[in-house]
Amino acid sequence: MSEAIFPILGPLFVFAIVLPVSALLARVVLWFVSVLDSTSGLSSHQSFRYATLVASSALPLCWFISASLHQAESGTSALVCLARHAGADCVESAYFSLGLAGLALLIGLPRLLRDRLAMRGSHDQAATAVSLRLNAIIGARPALSLLAGHVVVSNVVSAPIVTVGIFSRRIVVQTAFAESIDDDALAGALHHEFEHFTNHDPLRYFVAWWALAVNPVGGWLLRAEHARWTLGREAHCDRQAVVSGASATALAKALVVAAKTPRRTLRPALGSGQVEAVKLRLGLLLAYADRKPHRCDHGSTLPLLLAAVVAALALPHGTPTDPLDLLHQATEHGMAVFVGK
């Protein structure tokens with residue numbers, strides 16, 4: 001039983017203590033960024049904000065997983081393990097790494113499965129009619145040509161229109177939503193989702209959601225910052241849609257209809273978010289109707305995050321692993337005190 005203490009309680013301590021502390025530090029950093037944003041605009045520092053949100057969970061998890069594997073491989077875990085083992089080796093660090101990685105991956109699995117189910121679409125008469133209409137709109141607009149074969153219609157999807165799929169992206173359109181707007185508004189909505197589609201936003205949104213989902217306390221601390229980043233990203237896609245040829249007023253009409261559509265998901269989608277956020281986007285779109293905006297491209301944060309993750313995985317192999325040692329010993333000491341009582 002003593003050999004199962006650290007593999008079971010260790011990951012729980014990481015989720016309950018380490019990640020919330022990391023999220024608190026991230027919130028302090030993002031508070032300073034928010035002060036700068038108040039004077040420099042909605043879309044400023046978006047890349048840094050996103051990287052900080054994700055790193056608050058991803059980097060501590062990667063470090064602990066790599067450090068525990070390093071200790072298991074080198075045998076140094078036996079030097080800090082207080083439990084008695086039948087052999088000379090202590091394999092608790094290896095099981096701790098497996099448990100930590102398993103929990104982190106398991107949290108994201110349900111959402112991936114829901115995305116996969118959403119891609120199936122519907123094939124009844126109403127959905128087929130909407131599908132033909134969408135194909136006609138895409139065929140008449142060269143700027144949307146990349147969407148051919150990547151748009152599906154569903155009667156059961158909870159969002160009016162949304163881009164899903166981590167590896168194989170699809171735009172899913174709700175049948176009722178498409179039937180309630182005209183072709184210009186539907187084209188505007190497609191232009192908006194086209195920006196999500198071409199910029200791999202399903203992956204971007206999933207990673208941001210996962211970073212807060214694995215850390216419930218941190219998710220609460222960073223909820224406002226995540227909403228601020230999401231609003232900035234959606235407003236950016238509105239802007240790019242107008243630049244690409246969408247009618248600003250037609251997209252605003254689609255946004256209003258989407259905002260009125262009941263939904264059972266917190267997934268970012270056209271029309272989602274607080275009323276104030278929708279009003280802000282509508283105000284920007286109406287301003288674009290009078291003066292067309294210029295294209296504003298943001299650099300991708302994924303390469304930066306990948307480099308940080310690689311660094312977090314590599315550091316434990318060349319630096320001391322004192323935090324892991326402290327966690328290991330504290331877990332076993334705590335259990336010993338509890339059992340002693």
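Atoms considered below: every heavy atom in the structure, side chains included; atoms not considered: hydrogens, waters and symmetry mates.
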By ring pair (Phe, Tyr, Trp, His ring centres under 6.0 Å) - contacts of [X] (at least two apart):
{"X": "Trp210", "value": "none"}
{"X": "Tyr288", "value": "none"}
{"X": "His196", "value": "His192, Tyr205"}
{"X": "Phe177", "value": "none"}

Point to revise | Pairs involving residues 142-152, ordered by first then second residue, that meet side-chain hydrogen bond (donor to acceptor under 3.5 Å, both in side chains) (sequence neighbours left out) | key: His150-Arg170

Revision key, fill the gap. Going by chain and number, the hydrophobic cluster around Leu109 (ILVMFWY, side chain to side chain under 4.5 Å) further includes Leu106, Leu113

Point to revise | Under 4.5 Å side-chain linkage, directly or through intermediates, the cluster mates of Leu59 | key: Val309, Leu313

Point to revise | Contacts of type side-chain contact (heavy atoms from CB on, under 4.5 Å), residue Asp322, not counting sequence neighbours | key: Pro320, Asp325

Point to revise | Under the side-chain contact (heavy atoms from CB on, under 4.5 Å) test, residues paired with Asn155 that sit two or more places apart | key: Ser122, Asp124, Ala127, Thr175

**Study point:** Mutual orientation of the aromatic rings belonging to Trp229 and Tyr50 [parallel < 30°, tilted 30-60°, perpendicular > 60°]
**Key:** tilted

Ignoring hydrogens and angles, write down the donor-acceptor pairs under 3.5 Å from the side chains of residues 11-28, residues two or more places apart or on other chains.
unit_1, atom_1, unit_2, atom_2, d
Ser22, OG, Ser56, O, 2.6

Exercise for review: Answer whether the closest heavy-atom distance between the side chains of Asp201 and Glu195 falls below 4.5 Å.
Suggested key: no

**Study point:** Close side-chain approach of Ser68 and Leu324, heavy atoms under 4.5 Å
**Key:** yes

Check your understanding: Charged N to carboxylate O under 4.0 angstrom, Lys279 versus Glu276?
Key -> no

Review point. How would you list all residue pairs meeting ring-ring contact (aromatic ring centres under 6.0 Å, His included) that involve residues 107-140, not counting sequence neighbours?
Key: none

**Study point:** Residues that Arg120 engages under salt bridge (charged side-chain N to carboxylate O under 4.0 Å, His left out), provided they are two or more places apart
**Key:** none

